[in-house]
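Structure first, then comments.
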Amino acid sequence: MLSIFDIFKIGLGPSSSHTVGPMKAAADFAAALSEKGLLGQTCRVVAEVYGSLALTGSGHGTFDALLLGLEGSLPHDVELSSIQSRLAHIRTAEKLNLNGTHLITFQAADMAVHYDDVLPKHPNGLRFTAYAEQGRVLFKQVYYSVGGGFVVTDEQFGRLPENAEAVPYPFGSMDELTQMCHDHDLSIAQIVVRNESALSGEKPLAVRRRVAAVAQAMFDCVERGLSQQGVLPGGLHVNRRAPVLAEKMQVLREAGQLNTQLWPMVYAMAVNEENAAGGRVVTAPTNGAAGIVPSVLYYFRKFHPLSSPRAIEDFLLTAGAIGILYKTNASISGAEVGCQGEVGVACSMAAGGFSAVSGGTVAQIENAAEMAMEHHLGLTCDPVGGLVQIPCIERNGIAAEKAIKLAQLSLLEDGESKKVSLDMVIQTMLQTGLDMKSTYKETSLAGLAVTMKRKAVPVSVRVIEC
Ligand code: SF4
């Protein structure tokens, strides 16, 4: 059984599958060398990058993340202010501190980027090989970054989590979750707290404290994004818009010319601009779609009469349960199923969470989450220049607005007479994603990415610095 803390992970931008996942894989490889007693013998490591990671890795910071991960850094604890100086030192000195303790030579040729090759199990593949003196192979490992910052080795791929029986209320579908809520007279949030308590061994109150910390990290990210000015990195010359828009909207609001409706759009853009700048963000369920849940939650806290610390926790507990259903039964990887698996899933999570804390029944929550995905089916992933900027930033804003409206719509009906269930739409999303052409799945080889490239956007996805 997955944990909601697998869905909501504090990390860094710009991409969960292309930045967070590769950093974790590289750190895992370096730690494995240490555990196997091979670190001292290692004099060279080669990192090979395949498929979508190769095609859009430059824009997503994949190669930087790999270097930092090999030095033992992890997304949640890497010191953001030291990243650029560390990378500059690795590249100029051609030295890398493997696992943070063992100095090796690392040259540009030690990062091999396979643009035309894909490893067999997933579009986001990585292979690390450690060598001793005279080129003797000490250890090699294949990893897949399967979306939302999840990383598995070749051997772990496709295996179900081993702790399914370890929770009191295991659920594999929305139907099962609904049945459990009815049978035990519990809300989705209460079920999730009890499961998390069993998974972590913590008391329910401690689980709620961790959820509150995730909410705070999201709020901090919204507020940082609203206060930062400037141009986003990567070469597209995209300006941060959220602070300027927020300022203009505040003026209009004070003059009585604007209500609160546009705020979720700006909050989401603030988070995604932070993400694009490589800032501290929470996956929800991914980095590319990291703006939607925080935006809707921030809006709820600021403007909703039912807002309270407990309601904020319940929002995330409910949204997290919906995220688990998508991750377990379909995919949250843009490289696997397109943007419907990122922005679509985040919209579905946010709509369900907002419906829950607005007084929605389980049926109404399900209906909100279902509608939010139904109208994202088929959404492709075509980030311009391989950067999580165009169309990603605005798209998060629009999905945040949609989530609130669909949650409100769900409350006007009983949710019992719906024709399409959440389980049905999750299966449809997966099948649509599998049918989608691979060029529309985080390769920047189609869609807006190609149209804008034709117009001579000064970005090349093939410019690699490592
Ligand atoms: S288009 Fe969607 S899935 Fe693709 S990078 Fe942007 S947010 Fe992620």
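In listed order, ligands and their atoms are each counted from 1.
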> Nearest protein heavy-atom contact for atom 8 (Fe) of ligand 1: which residue, which atom, what distance?
Replying inline: E342 OE1, 3.1 Å
> Are side-chain heavy atoms of V293 and M218 found at a separation under 4.5 Å?
Replying inline: yes
>> Could you identify the single nearest non-hydrogen protein atom to atom 6 (Fe) of ligand 1 and state the distance to 0.1 Å?
In response: C392 SG, 2.2 Å
> Does Y143 have R127 sitting over its ring (NZ/CZ under 6.0 Å from centre, angle to axis within 45°)?
Replying inline: no
> Checking ring pair (Phe, Tyr, Trp, His ring centres under 6.0 Å) against H304, which of F354, Y299, Y298 comes through?
Replying inline: F354
> What is the closest protein heavy atom to atom 1 (S) of ligand 1, and at what distance does it sit?
Replying inline: R395 NH1, 3.6 Å
>> Suppose we measure from atom 4 (Fe) of ligand 1 to each protein heavy atom; which comes out shortest, and what is that distance?
In response: C381 SG, 2.3 Å
> What is the ring orientation for Y267 with W263, classed by angle as parallel under 30°, tilted 30 to 60°, or perpendicular over 60°?
Replying inline: parallel
> How about F300: does its CZ atom have over 12 heavy atoms from other parts shown lying under 6.0 Å from it?
Replying inline: yes
> Looking at atom 6 (Fe) of ligand 1, is one of the N, O or S atoms of C339 less than 2.8 Å from it?
Replying inline: no
